[in-house]
Protein chains: 2
Amino acid sequence: MDTLTPRQSAIWQFIRDYQAEAGFPPSRAEIARHFAFRSINAVTGHLEALARKGAIELAPDIPRGIRLLDLDRHDAAPPGLPLIGEVAAGSPLLAEQNIQRHCPVDAALFRPRADYLLRVTGQSMRDAGILDGDWLAVHATREARSGQVVVARVGHEVTVKRLWRQGGRLELRAAHPDFADIVPDADTQQVEIEGIVVGLIRADVS
Amino acid sequence: MDTLTPRQSAIWQFIRDYQAEAGFPPSRAEIARHFAFRSINAVTGHLEALARKGAIELAPDIPRGIRLLDLDRHDAAPPGLPLIGEVAAGSPLLAEQNIQRHCPVDAALFRPRADYLLRVTGQSMRDAGILDGDWLAVHATREARSGQVVVARVGHEVTVKRLWRQGGRLELRAAHPDFADIVPDADTQQVEIEGIVVGLIRADVS
DNA sequence: TCGAATACTGTCATTATATACAGTATTGCA
DNA sequence: TGCAATACTGTATATAATGACAGTATTCGA
């Protein structure tokens, strides 16, 4: 199918929202009113374009005879949170290549809102109740307070540690006696906060 | 709400099926045609009865302005998993009184399927990565293998422990040095397995 | 520089549709 | 016995809504 123009996409989404709210599709007049069109035929044109592109189906001569298609593409993105496993060196966390699949979890389950799930490798946060194989719900932000568990990028590696600020200096501490803390030298080692951990999902408890 | 008559229920279902098929609700004429009514007003009467009983909502003067309600009764249960907090002594875990709310989590996320979420109180399973305040995804079953983390009812109390079978004898072991294991005496203390823990959700990581 | 697609405004005829009003028959309940 | 709810038929009307036709302006690729 062809790509939708921004306008067409907006109309598609309005129909979806109206449908969810009312239980039936909007009339063309209602769509026109919402977009402040003076002419209803502006809507007709868009609907015909949407039908031609396969985004909707129009039932002729039937009031509100609009059927939404292409649910997977327009439907609030793939539902759930993107699941990130191995992170390719140097690539942004949310790069397509890192997303394994989407997990049917409500982002609003966590506060603040979770943006993605990150797979934990290793036992370095064991004493914080974070085990190997767990999925961490991460809120993507650069700002983290001292004491929070964060996702950080140290050099080319992505790691999960507890953040401490000691006199203007960052410290990334593991939660396991066998693992050494990371005290990056601001000059040589580049540390970037990728997000804060706001939740955890464990799918296999053995 | 009042109960629907068989005729009303049939009409409700036809509207649901038509809606799913077409993407929009049927007109009254179409409903009449399907049920071989000679008069469209027969449908109007039924729709008014359905609206009065809370099974649908009618948008006045709007063609096909039918909104289906009561989805939970006719369709699927409330989405997500029931969330169980404090358990009233002696009551079944899934009793209404114990269900705090429903959590938008896909039951199929866990293997085997999760039936409910149970709030963890205390630190007795700390070394298994299960912390105070976590939500455990529980698969309701009476059968558990040795080594699995289970939800068990000991007397009137519900507890989460790791199950071990030692020569035909049950043992419920905590995962924290400060907590004693439970070795129930089969004669005096009644132990029932309520389910096995198949997953974990932690909503606040501090 | 031509045409096609997008993005509208404006008018009008036709029909799809809801709804009011007037009936008939049956059932169950008080 | 009477009343309300169910379950329809039949006629009529106002309007909700689609769709056809006629325009204008802009953008973008060939």
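Everything quoted here is computed from the prediction, not taken from an experiment. Note on naming: letters A, B, ... go to the chains in the order of the sequence lines (proteins, then strands), and numbering restarts at 1 for each one.
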Should [X] be listed as having a side-chain N or O under 4.0 Å from OP1 or OP2 of [N]?
X       : N      : value
A:Ser39 : C:dT11 : no
A:His46 : C:dT6  : no
B:Arg7  : D:dT6  : no
A:Gln8  : C:dA7  : yes
B:Lys53 : D:dA5  : no
B:Arg38 : C:dT24 : no
A:Thr44 : D:dT18 : no
A:Arg28 : D:dG19 : yes

**Study point:** Given DNA chain C, 5'-ward residue of the pair B:Pro63 and B:Glu48, judged by closest heavy atom
**Key:**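 Nearest nucleotide further toward 5': that of B:Pro63.
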[X], nearest nucleotide to its side chain (from [options]):
X       : options                : value
B:Pro60 : C:dT19, D:dT9, D:dG19  : C:dT19
B:Ile62 : C:dT17, D:dA17, C:dT19 : D:dA17
A:Asp61 : D:dG19, D:dT6, D:dA16  : D:dG19
B:Thr5  : C:dT17, D:dA7, D:dA17  : D:dA7

Just the rounded figure in Å: distance from [atom2] of [N] to [atom1] of [X].
X       : N      : atom1 : atom2 : answer
A:Arg64 : D:dA16 : CZ    : P     : 10 Å
B:Leu50 : C:dA18 : CG    : C1'   : 16 Å
B:Leu47 : C:dA18 : CG    : P     : 9 Å
A:Ile31 : C:dA7  : CD1   : P     : 15 Å
B:Arg52 : D:dA5  : CZ    : C1'   : 8 Å
A:Leu4  : C:dA7  : CG    : P     : 10 Å
A:Tyr18 : D:dA17 : OH    : C1'   : 12 Å
B:Leu58 : C:dT17 : CG    : P     : 16 Å

Practice item. Of all the heavy-atom pairs spanning B:Val43 and B:Ala32, show the shortest one and how long it is. Key: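 For B:Val43 and B:Ala32, the tightest heavy-atom pair comes out as CG2-N, 3.5 Å.
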**Request:** Would you kindly compare B:Ala42 and A:Ala59 by the position of their nearest DNA chain D nucleotide and give the one closer to the 5′ end?
**Result:**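 So the residue in question is B:Ala42.
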- Are any non-hydrogen side-chain atoms of A:His176 and A:Met125 less than 4.5 angstrom apart?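 The answer is no, as the side chains (C-beta and beyond) never meet within the 4.5 Å cut-off.
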Is it true that a side-chain atom of [X] and a backbone atom of [Y] form a donor plus acceptor pair closer than 3.5 Å?
X        : Y        : value
B:Gln148 : B:Arg145 : yes
A:Asp132 : A:Gln123 : no
B:Arg202 : A:Gly129 : yes

Please verify the inter-ring angle class for B:Phe14 with B:His34; under 30° counts as parallel, over 60° as perpendicular, anything in between as tilted.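 Geometry flag for B:His34 against B:Phe14: parallel rings.
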